[in-house]
Engineer: 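The structure is given below, and queries will be raised subsequently.
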Amino acid sequence: MNLNNVNFEISAMNKSQYPTNKRPEIVLAGKSNVGKSSFINAMLNRKSLARTSSAPGKTRQINFYNIDDRIYFVDLPGYGYSEMSKKEQEKVALAVNTYLKNRKSINLIILLVDIRHKPTQNDIQMINYIKKTDKRYIVLASKADKIAKTKVESYVKDIAISLDVDNDLVFPFSAETKEFTNCIWDVINESLCT
Ligand code: GTP
Ligand code: MG
């Protein structure tokens, strides 16, 4: 991947709107405002390809980003955004669950949780859902720039324990400093080979 050719391709709510080719998909899941869209921009070195906002609930649909015609980054709407009407929350949850359950092209699911906070009930529900899909997954402890460097490792460990996942599957991440992007590209590239 040389990242010379990255584009927003389509927003989808229904299966019929997903891309029809079978390119591997790298999926961003997590609570609203955790930094999923910022992750995409940081990894692709673009300022505002994916729309971000300090107000939660920015991403309301499933957004597919075409990376060099080789893979997609799939930006999911966040959960746990209480300002959204109940009806809309249900609609979004259904779209996300339908995608995660049925989409064969999913190559890797990346669940983001905020490094500063104990995972919520919604996070635990989501990781359990992800485990059940039998897809490959990792967890990113986002906004790692917000805590002291010396504390990052122990916070990452606590998150692994709370979510009951292997410590090796949890990585720190910062869209702000972009410090860990190379490591996550390694994980993504490796997932494409196996
Ligand atoms: P939804 O679209 O609502 O699901 O949110 P999202 O998960 O896409 O979050 P988004 O990327 O829009 O980021 C939310 C806010 O957190 C924005 O103000 C970002 O600038 C900020 N943010 C995201 N990642 C980081 C990070 O690594 N460090 C810091 N300091 N701020 C971050
Ligand atoms: Mg977003």
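Every number for a ligand or one of its atoms is a count from 1 in the order of the listing.
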Engineer: For Asn4, does its backbone N or O pair with a side-chain atom of Asp68 as donor and acceptor, under 3.5 Å?
Structural biologist: yes
Engineer: Determine, using ring centers only, whether Phe171 and Trp185 are less than 6.0 Å apart.
Structural biologist: no
Engineer: For Phe173 and Met43, which heavy atoms make the closest approach, and how far apart are they?
Structural biologist: CE1-SD, 3.9 Å
Engineer: At a heavy-atom distance under 4.0 Å, which protein residues reach ligand 1? Sort them by chain and number, would you?
Structural biologist: Lys31, Ser32, Asn33, Val34, Gly35, Lys36, Ser37, Ser38, Thr52, Ser53, Ser54, Pro56, Gly57, Lys58, Thr59, Gly78, Lys143, Asp145, Lys146, Ser174, Ala175, Glu176
Engineer: Would you check if the Mg ion (ligand 2) lies under 2.8 Å from any N, O or S atom of Ser37?
Structural biologist: yes
Engineer: Is Thr59 close enough to the Mg ion (ligand 2) to have an N, O or S atom under 2.8 Å?
Structural biologist: yes
Engineer: Checking side-chain polar atoms at under 3.5 Å, does Ser38 have a donor or acceptor matched by the opposite partner on Asn41?
Structural biologist: no
Engineer: In terms of side-chain geometry, is the basic nitrogen of Glu88 or Arg60 positioned less than 4.0 Å from the acidic oxygen of its partner?
Structural biologist: yes
Engineer: Does Arg116 come within less than 4.0 Å of Asp114, counting only side-chain N to carboxylate O?
Structural biologist: yes
Engineer: So, Glu25 versus Tyr18: side-chain donor-acceptor pair below 3.5 Å or not?
Structural biologist: no
